[in-house]
Amino acid sequence: LPKDITVDGGSDWIAINRNYSHYLVTDQSPFLNGLKKYYEYSLLPAESFFHTVLRNGPLCDTFVRTNLRVTNWNRKLGCRCQYKHIVDWCGCSPNDFITKDINRLQTPTDHQFFARKFEAIVNQQVISALDAHLYGSYSEDTLGLKSYWENVFHNDDTKLPSSAHFTVYNSFLRLSFRHILTTEHGNQSKSGGNCPIPMSPLLKEVNILYDNDEFAGHLIKFQDGINKGVSNNIQFESLYIPISHSERHSSATCPDSKVTSIEVGTIWDGKESIFRNYGGIIGIDDEPIIAIRMNVGRLCHVNIIWQNPLGSVEQKVDLKLEASSVVTYQKLKSDQPLMPGIWNVRIELQTGELFMSETFMVTPLVYDKKTPLDNPVMMNGKRANVLKPSMDAKKYLEWRNNVGKEGTELEDWVDQLITQFWNLKSVCVMGDDIHCKFIQSCDKLSWSSFSPDPKSELGAVNSNGRLR
């Protein structure tokens, strides 16, 4: 470490000009080479190297103590040391901007030219509002203005999906194919015409759709696995929307005025208060969580009761709903793997009265990642020997029969479960010289990933330096 220097540090979100960049790359002085050597062996050098070199080097008079950004810090949420299982320090992370923050973005202070963080999957509206502030508003009837698509699977991906996700995606594929076969479109295709159906459907990709900042469904894109659509690039896409199974049973004063909604999912992001497992697909190796959204109000005590597919209680937890809280969550702690089938989570009052409940599906597995399971019975039926005197014997025998299935019988069970929790809303087709009477073209449907999305199109920069 060179002598007589002041070590400085700060955010790794920095802005450096061309002169400083050139100096860092080309200068061969003992001062700079010494610092490069020193920081080669340090942790997170980007949070100190650039700052220290600038403060002590020949360009020190150009130093400005700001990173030129409007940053959405909420340290109560962003500094929870949530990554201590990965690293041995407590880093802080800013929150995403949401709609209520738009005034801060429209009235920045001096030396603020950038902003972070934005995630369209968390809040698309704030991005659209800022875009309108800078460039003018789109017409309200602009296609895709309030929609957001994100790819979560592609057949060519090297990153493999979870076993539960791939099982569900392929169930969506089978159900879509059956739908096409049983419609008039399918009948028309069998008798000829220019609207062919896939003979052997191949899953190509999966996208998730958000509309008005709410999850709106999974988009399943597929093609013919025999000719793979090479001849005329025929592709199909189907939209699956979730069926809500959340129910309010009581209007007891305390929780009724306090609790607004409940949701079961996995991978809870406490900073943004969302589930990062978009769409809520849950497998037998997952850890379900119930998120309870609330109004600020009085303190309430409730019981959270998790019931497995046999109706037995897996866990009961006393939960305090703080008066100042707007969201809380509770994770199911149960033996792994979970029992596949339909689960139920109940919110009860201290008196035992049922207040709210939600049923959810833990999907049986057909695949290990993208490979069909060699022994699905062993995987899905690991907890088959759980019959207790308190259990419903009929339910147990039915469940044990289901977890003992394999092949097409197992797929049929998965499909039967899927239809209870997902609704096939629509199917469309895309391709050259395709004229279908009973199925619409994907580019004409606002939900499809083939539909126009003008707000995401970027053209050349105008002569005044603006995009629009």
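Here the two rings, on H218 and F215, have centers that are under 6.0 Å apart.
Rounding to the nearest 0.5 Å gives a distance of 4.5 Å between CG of D211 and OG of S147. Between W343 atom CH2 and L310 atom CG the span is 9.0 Å, to the nearest 0.5 Å. Here the CZ atom belonging to R248 is positioned 4.5 Å from the CE atom belonging to M356, to the nearest 0.5 angstrom. Going from atom CD1 of I347 over to atom CG of N303 covers 10.5 Å, rounded to the nearest 0.5 Å. Note that SG of C428 is 8.5 Å distant from CD of Q440, once rounded to the nearest 0.5 Å. For the atom pair CD1 (I292) and CD1 (I289), the distance works out to 12.0 Å, reported to the nearest 0.5 Å.
Looking only at distances, a side-chain donor or acceptor of W399 sits under 3.5 Å from a matching main-chain atom of P340. Between the side chain of D269 and the backbone N or O of K271, at least one donor-acceptor pair lies under 3.5 Å. At least one donor-acceptor pair under 3.5 Å links the side chain of T419 to the backbone N or O of Q416.
Partner of W422 under the ring-ring contact (aromatic ring centres under 6.0 Å, His included) criterion, chosen from F172, Y240, F360: F172.
Contacts classified as ring-ring contact (aromatic ring centres under 6.0 Å, His included) and involving residues 121-144 (residues at least two apart or in different chains) are not found. Among pairs with a residue in residues 158-182, those fulfilling salt bridge (Lys or Arg N to Asp or Glu O under 4.0 Å) read R174-E411, R174-D415, R178-D412, R178-D415, at least two apart in sequence or across chains. Applying the ring-ring contact (aromatic ring centres under 6.0 Å, His included) definition to pairs two or more places apart or across chains, those involving residues 274-293 are W268-F275. Among residue pairs with one or both ends in residues 198-209, those qualifying as salt bridge (Lys or Arg N to Asp or Glu O under 4.0 Å) are E205-K221; sequence neighbours excluded. The list of salt bridge (Lys or Arg N to Asp or Glu O under 4.0 Å) pairs with a residue in residues 115-139, not counting sequence neighbours, reads E119-R276, D131-R468. Under the ring-ring contact (aromatic ring centres under 6.0 Å, His included) criterion, the residue pairs touching residues 362-382 are F166-Y367, with sequence neighbours excluded. Under the salt bridge (Lys or Arg N to Asp or Glu O under 4.0 Å) criterion, the residue pairs touching residues 443-460 are D453-K455, with sequence neighbours excluded.
For N402, the side-chain contact (heavy atoms from CB on, under 4.5 Å) partners two or more places apart in sequence, or in a different chain, are E398, K405, W413. Shown here are the side-chain contact (heavy atoms from CB on, under 4.5 Å) partners of L24, two or more places apart in sequence or in another chain: I16, Y20, L32, F49, F50, V53. Applying the side-chain contact (heavy atoms from CB on, under 4.5 Å) criterion to N72, with sequence neighbours excluded, gives N95, F97, D101, R104. For H245, the ring pair (Phe, Tyr, Trp, His ring centres under 6.0 Å) partners are F421, not counting sequence neighbours. By the side-chain contact (heavy atoms from CB on, under 4.5 Å) test, N464 pairs with N462, R466, sequence neighbours left out.
Minimum heavy-atom separation, T107 to N103: OG1-O, 2.7 Å. Shortest non-hydrogen contact noted between K258 and V296 is NZ-CA, 4.0 Å. Here the closest heavy-atom approach between residue P337 and residue D285 is recorded as CB-OD1, 3.8 Å.
No side-chain donor-acceptor contact under 3.5 Å links S357 and E247. Between Q124 and D213, the side chains place no donor N or O within less than 3.5 Å of an acceptor N or O (distance only, hydrogens not considered).
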- [ ] Report the C-alpha distance between S176 and H179 in whole Å, list the side-chain angles of each, state the deciding distance to 0.1 Å, and finish with yes or no for side chain to side chain donor-acceptor pair (under 3.5 Å).
- [x] CA-CA 5 Å; S176 299; H179 172 81; over 6 Å; no
